[in-house]
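As C-alpha cells, the structure follows; a few thoughts come after it.
Just so you know, ligand 1 is whichever comes first in the structure, and atom 1 is the first atom listed for that ligand.
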Amino acid sequence: MEADKEKLLQGSEFCFRSGRLYCESVNIKDLQATVEKLYKSPFYVYSKAQLQKNISDYCTALNQSGLEHKLYYSVKANRNLELLRIISSSGCGATTVSGFEMQIAMQAGFPPCNILYNGNGKTMEEIEYAIRQGCMLNIDSQFDAAHILEAAKKLHKTARVLLRLNPDIDPNVHPYITTGLRLSKFGIIDQHLPTVVELVQSSPCVEVIGLHCHLGSTIDDLGVITSMCTYLLQKTRELREKGFGSIRCINIGGGLSIDYKREGGAVPTPAKLIAEIQKKLKGEKVQIILEPGRSIIGSTAILVTKVLGVKSSPSKTFVVTDGSMTEVIRPSLYSAYHHVDLLDYTAVTGDEGDKTLLDIVRARQSQICLLYCISEYCVFFTQQA
Ligand SMILES: Cc1ncc(COP(=O)(O)O)c(C=O)c1O
C-alpha cells in the first residue's frame, strides 16, 4: 500500500515518503505537533512550489502553443491575499466576481488593466468602481449592458467590455457547477444577443474587446472545449462583420478538472487543454484568455485535522474530527469526492482486506481565523466557533 501511495503522488509537492506525508521537505506530522503547541487544529498547509508549478504548467503550454494569450486566475477559487500575491507576481491577470475581489486583487498587485470583473448581478457601485479603476467588465445580460453603459456615461469614461455568451453546451459535470446551458443563469443567450449588440453599438462609452464563455467546472471532456471554441469563433466573425472590429480576444473561461481521487486517473492537463484550443484557434487573429481557478489552486493545499473520537452504531462507524464543512464544503454542497488520508502509515497494521468504510464527520462548524506563512509553504489556522 505504501509503495502505491508513493508512486501515485509522484510529481506532487504533497507526497508520501516511507509512509509519512510531506509538503515539500516538511513532514506534516511533525508540523502538526509544532502547530498545535503554538495555535490550534485544524489548519491548512499550502505549497508555494506546487502553486508556482501549476501556473508554470499553463504558461509553458501557452508559450509553446504559439497562440497569443493571457492567463487570468479566477480569484473566487481562493482569494487569500498571500496566495494572490504569489499568483500576481507570476504575471497572471485576475478574474473577479465582486467589488471586494477587485479590491483584494489590486492589493495583491494585479494591475487593474489585467483584472476582469465578471458576474451576472453587478451593483452600480461595483460597476462604477471597475470603470474608474480601468478594469475590464463582462456584459452578462441586457440589464447588465444598460447598467454598464449608464455608469460609463456618468463617469465620462470608456468601459472595456467582453460579452459573456451562453453557448448552450453541456460540459457533462455536476448540475450545480454547470454554467453554460440555456438553464444556467450566466451569459447572454443567442436570442438576446441582437438587443445587447444594438445597445452597445449605440454607445461611444463602451468598447467591445472580446467574447467570453465559461461552461462549468471539473471538466474532463475536452470535446466540450472544442465545441465552445467553434461557437466563440463563429460569433467573433459574425460580430466583426457587424462592425465590431475592436473584438480582439476570446475568453475561454476556466473549468479544468483536477485529480481529486488521487488514483492516478487520466485527468486532462493544461497542456492537453491548450492543444485542443490550439487546434481550433491557431492562425486566428485573436488573443486567447484562460481563467482557471481550481486547476491552479486545488492541488496546492491540504487540510490537517485531528480525530477527536470514534463513534459506532450497529450499521455505521463515525470518525469525528475537528474539521468541518466550513473548511471543506464541497462534499456537503454537491456530493463531491474529497480525498482523505492518514498523515502517517508507519503504525498501521493489517492488509487491504481489513479496510472498512467509515463516515468522517464533524457536527459543529469552525472558523478560519489565522494565517501563518513559513518559508516556502503557508499554514492557515482555523479556530472552532
Ligand atoms: C466565469 C468563470 N471563470 C472561471 C472560473 C473558474 O473555474 P474553475 O475554478 O473550475 O477553473 C469560474 C468558476 O466558477 C467562473 O465562473
Which N or O atoms of ligand 1 sit under 3.5 Å from a protein N or O, and how far apart is each pair?
residue, atom, partner, partner atom, Å
ligand 1, 3 (N), Glu291, OE2, 2.8
ligand 1, 9 (O), Gly293, N, 3.4
ligand 1, 9 (O), Arg294, N, 2.8
ligand 1, 10 (O), Ser217, OG, 2.5
ligand 1, 10 (O), Gly255, N, 3.4
ligand 1, 11 (O), Gly255, N, 2.8
ligand 1, 11 (O), Gly293, N, 2.9
ligand 1, 14 (O), Lys76, NZ, 3.0
ligand 1, 16 (O), Lys76, NZ, 3.0

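Of the possible polar contacts, one joining the His214 side chain to the Gly254 backbone as a donor-acceptor pair under 3.5 Å is found.
Ring geometry, His147 versus Phe143: the interplanar angle exceeds 60°, so the pair is classed perpendicular (tilted spans 30 to 60°).
Aromatic ring centres of Phe16 and Tyr345 lie closer together than 6.0 Å.
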Can you list, pair by pair, the side-chain donor-acceptor contacts under 3.5 Å of residues 104-114, counting residues two or more places apart and other chains?
none

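Linking Ile, Leu, Val, Met, Phe, Trp and Tyr whenever their side-chain heavy atoms come within less than 4.5 Å puts Ile296 and Val75 in one cluster.
Screening Thr230, Leu163, Ile247, Asp190 for a side chain to side chain contact (heavy atoms under 4.5 Å, CB included) with Lys235, the sole residue that qualifies is Asp190.
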